[in-house]
Trainee: 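Structure in structure tokens, see below.
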Amino acid sequence: MGKKDPRVDAYIDKAADFARPILQRLRKVIHAGCPEVEETIKWGFPHFMHHGILCGMAAFKQHCAFGFWHKGLRGALHDLGITEQAFGPYGRLTSVADLPKDALLKQLVAKAAKLNESGPQPKPAARPKSKTPLKVPADLQAALKRNARARDTFDNFSPSRRKEYVEWITEAKREETRKKRLKTALEWLAEGKSRNWKYER
């Protein structure tokens with residue numbers, strides 16, 4: 001028998017008007033596809049558990065997102081002729097009409113549940129470590145020199161965490177966006193925060 005979490009009810013109640021029907025329908029079909037599923041809140045969003053994380057959903061200002069956890073489901077989606085664009089975080093759900101038919105979604109939930117029951121996902125092959133030293137852009141270097149607290153945080157971060165900030169800043173397509181990200185990065189670093197601190201436990 002499945003288990004509902006009142007925190008998920010509260011999450012749906014607080015969602016925007018357009019989002020509530022999407023979340024309610026997803027929740028209903030997930031329970032239908034996996035009657036033993038248990039709800040919880042992880043990283044601030046509703047997740048559904050069955051031998052690990054089965055799937056999760058989220059509501060944002062202008063869209064909802066939904067995604068399965070097990071990578072093996074991608075093959076099942078392909079076999080059913082569905083592209084990953086049908087789901088968040090691969091796609092944007094703005095109305096109930098964006099969702100697959102209930103019967104198909106229920107089938108996918110059941111398939112995902114069986115994949116979870118089969119055991120842990122295979123670990124991805126380890127990526128070869130890059131031997132190229134991280135190149136910190138000049139504007140970030142200059143900003144760090146002017147902010148000792150931010151510089152200390154950045155210098156004491158692991159290479160991967162420093163890279164997250166560097167890539168976030170350098171990937172900005174507009175100069176205005178780059179300056180805004182640089183300012184935000186300095187504020188977060190001065191507070192000892194990583195680039196993805198919002199999503200960390």
Side-chain angles (χ1 to χ4, degrees), residues 1-127 158 160-161 164 193-201:
M1 186 69 181
K3 182 180 178 182
K4 290 191 173 181
D5 189 325
R7 294 177 298 171
V8 175
D9 292 292
Y11 183 92
I12 294 174
D13 289 342
K14 290 179 182 177
D17 291 344
F18 83 90
R20 285 196 293 273
I22 300 172
L23 300 177
Q24 289 165 351
R25 184 163 171 181
L26 283 168
R27 188 186 196 188
K28 180 180 178 181
V29 177
I30 291 165
H31 279 273
C34 181
E36 300 84 13
V37 77
E38 295 187 3
E39 299 176 350
T40 189
I41 296 289
K42 283 182 176 289
W43 307 294
F45 303 119
H47 282 73
F48 300 85
M49 310 295 293
H50 180 70
H51 295 270
I53 300 176
L54 183 69
C55 53
M57 63 183 188
F60 302 99
K61 288 184 179 180
Q62 297 181 334
H63 74 283
C64 292
F66 172 73
F68 290 104
W69 194 258
H70 202 294
K71 293 183 176 67
L73 193 65
R74 291 175 183 171
L77 290 173
H78 182 268
D79 293 343
L80 292 167
I82 302 172
T83 67
E84 291 180 343
Q85 297 300 321
F87 301 102
Y90 314 113
R92 296 165 64 89
L93 305 171
T94 58
S95 73
V96 171
D98 292 334
L99 289 168
K101 298 293 184 183
D102 284 0
L104 179 55
L105 186 53
K106 182 179 175 181
Q107 183 181 353
L108 293 172
V109 171
K111 175 69 175 176
K114 287 195 175 297
L115 286 170
N116 276 21
E117 290 167 6
S118 67
Q121 300 186 51
K123 293 183 179 180
R127 295 181 179 180
S158 64
S160 60
R161 287 199 166 183
E164 287 172 354
K193 294 176 178 177
S194 69
R195 158 73 181 92
N196 295 308
W197 65 271
K198 291 181 181 179
Y199 308 105
E200 295 173 352
R201 294 186 183 182

Trainee: Taking N116 for its side chain and I53 for its backbone only, find out whether a donor-acceptor pair lies under 3.5 Å.
Mentor: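 Looks like yes, one N/O pair under 3.5 Å.
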Trainee: How many angstroms lie between OG in S160 and CZ in R195, if you round to the nearest 0.5 Å?
Mentor: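 Rounded to the nearest 0.5 Å, the OG-CZ separation comes to 13.5 Å.
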Trainee: Should the ring pair Y11 and F45 be called parallel, tilted or perpendicular, given that the plane angle runs from 0 to 90° and is split at 30 and 60?
Mentor: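 The arrangement is perpendicular - the two ring planes meet at more than 60°.
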Trainee: What closest approach, in Å, do L54 and V37 show between heavy atoms, and which atom pair accounts for it?
Mentor: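 Result for this residue pair: CD2-CG2, 4.0 Å.
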Trainee: I need the W69 CH2 to L115 CG distance, nearest 0.5 Å.
Mentor: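 Going from the CH2 atom of W69 to the CG atom of L115 covers 15.0 Å.
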Trainee: Under 6.0 Å from the NZ atom of K193, do we count more than 12 heavy atoms belonging to anything else shown?
Mentor: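 Correct, the count exceeds 12.
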Trainee: State the OG-NE2 distance between S95 and H63, to the nearest 0.5 angstrom.
Mentor: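 Reported value, rounded in 0.5 Å steps: 13.5 Å.
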Trainee: SG/C34 to NZ/K111 distance, rounded to the nearest 0.5 angstrom?
Mentor: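 C34 SG to K111 NZ: 14.0 Å, rounded to 0.5 Å.
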Trainee: State, to 0.1 Å, how close L93 and I22 come at their nearest heavy-atom pair, and which atoms those are.
Mentor: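 Distance-wise, the nearest heavy atoms are O-CD1, 3.8 Å.
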Trainee: Minimum heavy-atom separation for P100 to L104, with atom names?
Mentor: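 That would be CB-CD2, 4.2 Å.
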Trainee: For a side chain to side chain contact (heavy atoms under 4.5 Å, CB included) check, start with the C-alpha distance between R25 and D102, then their side-chain angles and the critical distance, and finish with the verdict.
Mentor: CA-CA 9 Å; R25 184 163 171 181; D102 284 0; 2.7 Å; yes
Trainee: Just one of R27, K3, R7 clears the salt bridge (Lys or Arg N to Asp or Glu O under 4.0 Å) bar with E39, so which one?
Mentor: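 Considering R27, K3, R7, a salt bridge (Lys or Arg N to Asp or Glu O under 4.0 Å) with E39 is found only for R27.
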Trainee: Which pair of heavy atoms, one from F68 and one from L105, lies closest together, and at what distance?
Mentor: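 Where F68 meets L105 most closely, the heavy atoms are CZ-CD1, 4.4 Å.
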Trainee: In Å and rounded to the nearest 0.5 Å, what is the NE2 to NE2 distance from H51 to H70?
Mentor: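 It comes to 12.0 Å.
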Trainee: With the side chain counted from C-beta on, respond yes when C64 and T94 share a heavy-atom pair under 4.5 Å apart, and no when they do not.
Mentor: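 Counting from C-beta outward, C64 and T94 never come under 4.5 Å.
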Trainee: So M57 and I12, side chain to side chain contact (heavy atoms under 4.5 Å, CB included) or not? Walk me through it.
Mentor: CA-CA 10 Å; M57 63 183 188; I12 294 174; 4.2 Å; yes
Trainee: Looking at R20 and D13, what are the two nearest heavy atoms and their distance?
Mentor: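 Nearest pair, atom of R20 first, then D13: NH1-O, 3.7 Å.
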Trainee: If you measure from CG on D5 to CZ on F48, what distance do you get to the nearest 0.5 Å?
Mentor: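 Between D5 CG and F48 CZ, I get 9.5 Å after rounding to 0.5 Å.
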